[in-house]
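A quick write-up on the structure given underneath.
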Amino acid sequence: MLVNGKWKDNWQPVEDKDGGRFVRQTSSFRHWITPDGSPGPTGDGGFNAEKDRYHLYVALTCPWACRTLMARQLKQLNDLISVTVVNPQMTDQGWRFGGYPGVGDDDLNGAYYLHELYTRADAKFTGRATVPILWDKKTGTIVNNESADILRMLNTAFADVAGARGPDLYPADLATDIDALNERIYTQLNNGVYQAGFATDQSAYEEAWHPVFAMLDELEQRLSDGRTYLFGDRLTETDLRLFVTLVRFDAAYHGAFKCNRNTLREMPGLHGYLQRVLKLDGVANTVNVEHIKAGYYSIKAINPNGIVPLGPQEI
Ligand SMILES: N[C@@H](CCC(=O)N[C@@H](CS)C(=O)NCC(=O)O)C(=O)O
C-alpha cells in the first residue's frame with residue numbers, strides 16, 4: 001500500500017486486520033460529476049458532466065470495477081467516458097498496466113503501476129491503490145474511487161450532455177428498498193466472499209461462509225416467483241451489484257475463496273438470472289472469465305504457486 005505517497009512492502013490482500021477477519025478500506029476520493037459541476041452528496045464541486053473529460057481505470061477481474069463498466073455500458077456512455085483495463089495479475093506493487101492480452105498501457109498518464117495515479121492525485125496519499133478509478137483528464141486528478149458512488153453518478157450526471165439514455169438504475173420509488181437490499185447483499189455476499197477468501201483463521205472463514213450461502217438461498221427463493229430482475233421488470237443498480245458477484249462465483253469464489261457449499265450452476269433461479277443479465281446489451285463485454293481466473297489465482301497469499309485452474313468449462 002502507499003504510505004505518505006511512497007509504496008511500502010510487497011502487496012498483500014489484507015492490511016487492516018481484525019483478528020483473522022478481512023476489513024475493506026473505505027474509499028478516499030468521493031467527488032461527484034454533476035450536470036452543473038455543483039458538489040454531489042459527498043466531496044467538492046467542479047466536476048461538470050462533459051464529453052471526453054472522464055476516464056475509468058478498471059480491472060476485469062474486479063467486481064467493483066466491473067459494476068461501473070456495466071453502468072457505463074447500460075447507460076450507453078461508452079462514447080463519453082474512455083476506459084483503460086489493467087493487468088489482472090497482482091504484482092508486488094499492486095495493479096500494473098500492459099503486459100497481458102486485452103490490457104492497455106496508460107496512454108493518458110504514462111504510469112506503469114496504478115498507485116502512481118494515486119500519488120499524482122495526492123502526493124502524500126496513504127492507503128490502498130484500488131480500482132476502479134474515475135479520472136478527470138481536465139484537471140488530472142481522481143474524481144472518485146468508490147464504485148457505489150460511480151454507479152449512481154453515471155445514472156444521472158450525463159443526462160443533459162447525452163440525453164436520457166438507458167434504464168433508470170435508481171428509480172425514486174424504489175430507492176429505499178434498493179438501499180436496504182444493497183446493504184444486505186454487500187455485507188453477506190459481495191464482501192462476504194472476500195471475508196471468506198481472505199480470512200486468516202478458521203472461525204473467521206466459517207463466520208463469513210454461512211452468510212454467503214444464506215444470501216444466495218434467499219435470492220434463489222426471491223427469484224423463484226418468475227420475476228425477471230430483483231425488483232420485478234425493472235433492472236436496477238442492485239442487479240448490477242449482484243451480477244458482478246454471481247458471474248465470478250464458479251470461476252473464482254467457489255475455488256480460490258473456498259465458498260464451496262455448491263456452485264452457482266446448481267442454483268437454477270440464480271443461474272437463469274445470471275444468464276439473463278449477461279445477455280443484456282453489451283454486458284458480455286464487461287465479463288472476461290480468463291481475466292477473472294488469472295486475477296484471483298494470482299494472489300499469492302491464497303494461492304502461493306499461482307496455478308490457475310482449467311475449469312469451469314462454462315459459467
Ligand atoms: N470501495 C472500493 C473497493 C474497490 C476494491 O477493493 N478493489 C480491489 C479489486 S477487487 C482492489 O483494487 N484492490 C487492490 C488493493 O486492495 O490493494 C469500490 O467499491 O470501489
Side-chain angles (χ1 to χ4, degrees), residues 1-3 6-17 22-32 42-43 56-72 83-97 103 111 113-119 121 125-135 142-154 182-183 185-187 189-198 237-238 240-245 247-249 251-253 256-257 286-288 291-302:
M1 65 180 280
L2 287 164
V3 177
K6 296 265 174 306
W7 186 265
K8 184 180 136 282
D9 301 336
N10 286 349
W11 185 87
Q12 294 295 332
V14 182
E15 220 79 48
D16 305 320
K17 277 194 196 165
F22 165 67
V23 181
R24 189 172 294 281
Q25 162 189 283
T26 49
S27 303
S28 333
F29 296 89
R30 306 293 297 272
H31 309 304
W32 285 64
T42 47
L56 271 174
Y57 287 99
V58 299
L60 295 181
T61 187
C62 170
W64 320 103
C66 284
R67 65 194 196 180
T68 69
L69 261 192
M70 263 181 103
R72 169 180 174 268
V83 170
T84 301
V85 174
V86 303
N87 189 315
Q89 295 175 318
M90 265 299 164
T91 75
D92 285 345
Q93 293 195 42
W95 303 112
R96 62 159 279 204
F97 294 97
V103 158
Y113 292 111
L114 185 90
H115 69 69
E116 296 167 44
L117 302 178
Y118 278 83
T119 45
F125 182 77
T126 294
R128 305 182 67 91
T130 56
V131 284
I133 292 177
L134 180 61
W135 182 265
I142 297 175
V143 181
N144 197 303
N145 70 337
E146 171 48 55
S147 60
D149 290 354
I150 298 170
L151 206 57
R152 208 159 273 185
M153 74 181 85
L154 296 190
N182 281 352
E183 175 61 30
I185 292 179
Y186 172 81
T187 306
L189 185 59
N190 301 137
N191 199 43
V193 291
Y194 280 85
Q195 289 186 308
F198 290 155
E237 64 169 36
T238 316
L240 277 58
R241 295 168 61 120
L242 174 60
F243 173 82
V244 293
T245 294
V247 82
R248 284 163 179 74
F249 204 85
Y253 304 145
F257 280 2
T286 70
V287 178
N288 186 323
H291 276 222
I292 291 171
K293 289 201 293 186
Y296 285 96
Y297 284 99
S298 73
I299 301 173
K300 291 188 188 131
I302 56 169

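For the single chain, residues carry numbers from 1 onward in sequence order. We count ligands from 1, going down the list as the structure has it; atoms in each ligand are counted the same way.
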ask   = Would you call the rings of Y194 and F257 parallel, tilted or perpendicular if under 30° counts as parallel and over 60° as perpendicular?
value = perpendicular

inquiry  = Any donor-acceptor pair under 3.5 Å linking the side-chain atoms of T42 with those of W32?
reply    = yes

note = closest protein heavy atom to atom 5 (C) of ligand 1 is W64 CD1, 3.5 Å

query = How are the rings of Y296 and Y253 set to each other: parallel, tilted or perpendicular (split at 30° and 60°)?
reply = perpendicular

request  = Could you see which bit of I150 sits under 4.0 Å from ligand 1, with heavy atoms only: side chain, backbone, both or neither?
outcome  = neither

task = Could you tell me whether some N/O pair between W11 and ligand 1 is separated by less than 3.5 angstrom?
result = yes

note = Note: ligand 1 atoms sitting under 4.0 Å from heavy atoms of C62 are 7 (N), 9 (C), 10 (S)

query = Is a side-chain donor-acceptor pair under 3.5 Å present for Q89 with S298?
reply = no

inquiry  = Out of all atoms in ligand 1, which are within 4.0 Å of some heavy atom of V131? Include the element for each.
reply    = 4 (C), 5 (C), 7 (N), 12 (O)

task = Mark up the atoms of ligand 1 that fall under 4.0 Å of a heavy atom belonging to S147, in ascending order.
result = 18 (C), 19 (O), 20 (O)

remark   = closest protein heavy atom to atom 14 (C) of ligand 1 is W95 NE1, 3.6 Å

note = Nearest non-hydrogen protein atom to atom 13 (N) of ligand 1, with distance, is T130 CG2, 3.7 Å

task = Answer with yes or no whether Y194 contacts ligand 1, where contact means a heavy atom under 4.0 Å from a ligand atom.
result = yes

inquiry  = Counting only nitrogen or oxygen atoms and a 3.5 angstrom limit, does N145 reach ligand 1?
reply    = yes

query = If you round to the nearest 0.5 Å, how far is CD1 of I142 from CG of L117?
reply = 6.5 Å

ask   = Any chance the rings of W135 and F29 have centres within less than 6.0 Å?
value = no

inquiry  = At under 4.0 Å between heavy atoms, is it the side chain or the backbone of S27 that contacts ligand 1, or both, or neither?
reply    = side chain

query = Do R241 and N190 get their side chains close enough for a donor-acceptor pair, meaning under 3.5 Å?
reply = no

query = Is it the side chain, the backbone, both or neither of R24 that has a heavy atom closer than 4.0 Å to ligand 1?
reply = side chain

request  = Determine whether the side chain, the backbone, both or neither of R128 has a heavy atom under 4.0 Å from any heavy atom of ligand 1.
outcome  = side chain

message = Counting non-hydrogen protein atoms only, what is the nearest one to atom 1 (N) of ligand 1? Give residue, atom name and distance.
response = E146 OE1, 2.8 Å

ask   = Less than 4.0 Å between a side-chain N and a carboxylate O, is that true for E237 and R152?
value = yes

ask   = Between F97 and Y57, how do the two ring planes meet: parallel, tilted or perpendicular, split at 30° and 60°?
value = perpendicular

